[in-house]
Amino acid sequence: MNGETRKRPLKTLERVLSKAGLGSRVEARSWVHAGRVTVNGKVTRNPDQWVDMERDRVRFDDRPLVARDRVYLLLYKPTGYLTTYKDPDGRPTVYELVADVGTFLSPVGRLDLNTSGLLLMTNDNRFAERVTNPDSHVPKTYLVKASTLLTDAHLQQLRDGIELADGPTRPATVRRLRNSEKYTHFEITLTEGRNRQVRRMVEALGAKVLKLVRVKVGPIGIGTLPIGKWRLLTPAEVKAFKG
Ligand code: URA
């Protein structure tokens, strides 16, 4: 393709600003509204304006935008932390746990407030989109404590697919780990990531999830990382993800 017919890399101003590692999309919008951003020398107050980073000159607080290095990290999210940037009710968020990273990152997918475990965070939006897109079939493994003794037939239902309000679940890998007096501990690997999916699948069997920990996403396991701590992915891990 020659230069004329090649598609220009157009992005909205909001996206360009948040991608530069400066802050969240909500913050980016507020900066644009506040008149802190210029495109080709003119203040714009429209965060949805399309810009072409190969041609347009974007400045924030009169400084040119500089693309940041890509950062990929793995956080061991504890329960009780939201996977959002800010909570109107002031509850703790995962951003408090990664405040020392020094650049703005977005979570790769979400974990419920009461789910703990492996949460990837990055400023590489394309990576995040690929990992969370169900078409990518990236496996995610969870350890589950269910509130009743589930039979082998129940576990087989989880494997085969459960009819949920938003459609049947894909085939899953399920392994019973142990039964305690009245609980079932099992491991489940899903290749999709719907809202509260594991909880809803277990609820469909008439039980409740008492504990849910994500231990693996794609090729990356939680390993020995202490709860509440983060570490950067190694270049080899990022490469393994990208295939
Ligand atoms: N499934 C759930 O039900 N909750 C999570 O946080 C992740 C997967």
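Numbering of ligands and ligand atoms starts at 1, following listing order.
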Proximal ligand 1 atoms for [X], defined as those under 4.0 Å from one of its heavy atoms:
X	answer
Thr115	4 (N), 5 (C), 6 (O)
Tyr142	7 (C), 8 (C)
Gln197	1 (N), 2 (C), 3 (O)
Leu111	6 (O)
Leu212	1 (N), 2 (C), 3 (O), 4 (N), 5 (C)

| Asp160 and Gln156 side chains, donor-acceptor separation under 3.5 Å | yes

Ring centres of Tyr85 and Phe104 under 6.0 Å apart? yes

_Centroid separation under 6.0 Å, is that true for the rings of Trp230 and Tyr76?_
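So the answer is no for these two rings.
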
More than 12 foreign heavy atoms under 6.0 Å from [atom1] of [X]: is that the case here?
X	atom1	answer
Phe127	CZ	yes
Arg176	CZ	yes
Arg196	CZ	yes

protein heavy-atom neighbour closest to atom 4 (N) of ligand 1 works out as Asp112 OD2, 2.7 Å

re atom 1 (N) of ligand 1, the protein heavy-atom contact at minimum distance is Val198 N, 3.2 Å

- prompt: Between Arg196 and ligand 1, does any nitrogen or oxygen pair lie at a separation below 3.5 Å?
  reply: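 Among all N and O atoms of Arg196, at least one is under 3.5 Å from an N or O of ligand 1.
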
Q. So is Arg200 polar-close to ligand 1, meaning N/O to N/O under 3.5 Å?
A.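 No - when backbone and side-chain N and O of Arg200 are compared with those of ligand 1, no distance drops under 3.5 Å.
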
Closest heavy-atom pair, Ile162 versus Leu205, reported as atoms and distance to 0.1 Å, is CD1-CD2, 3.8 Å

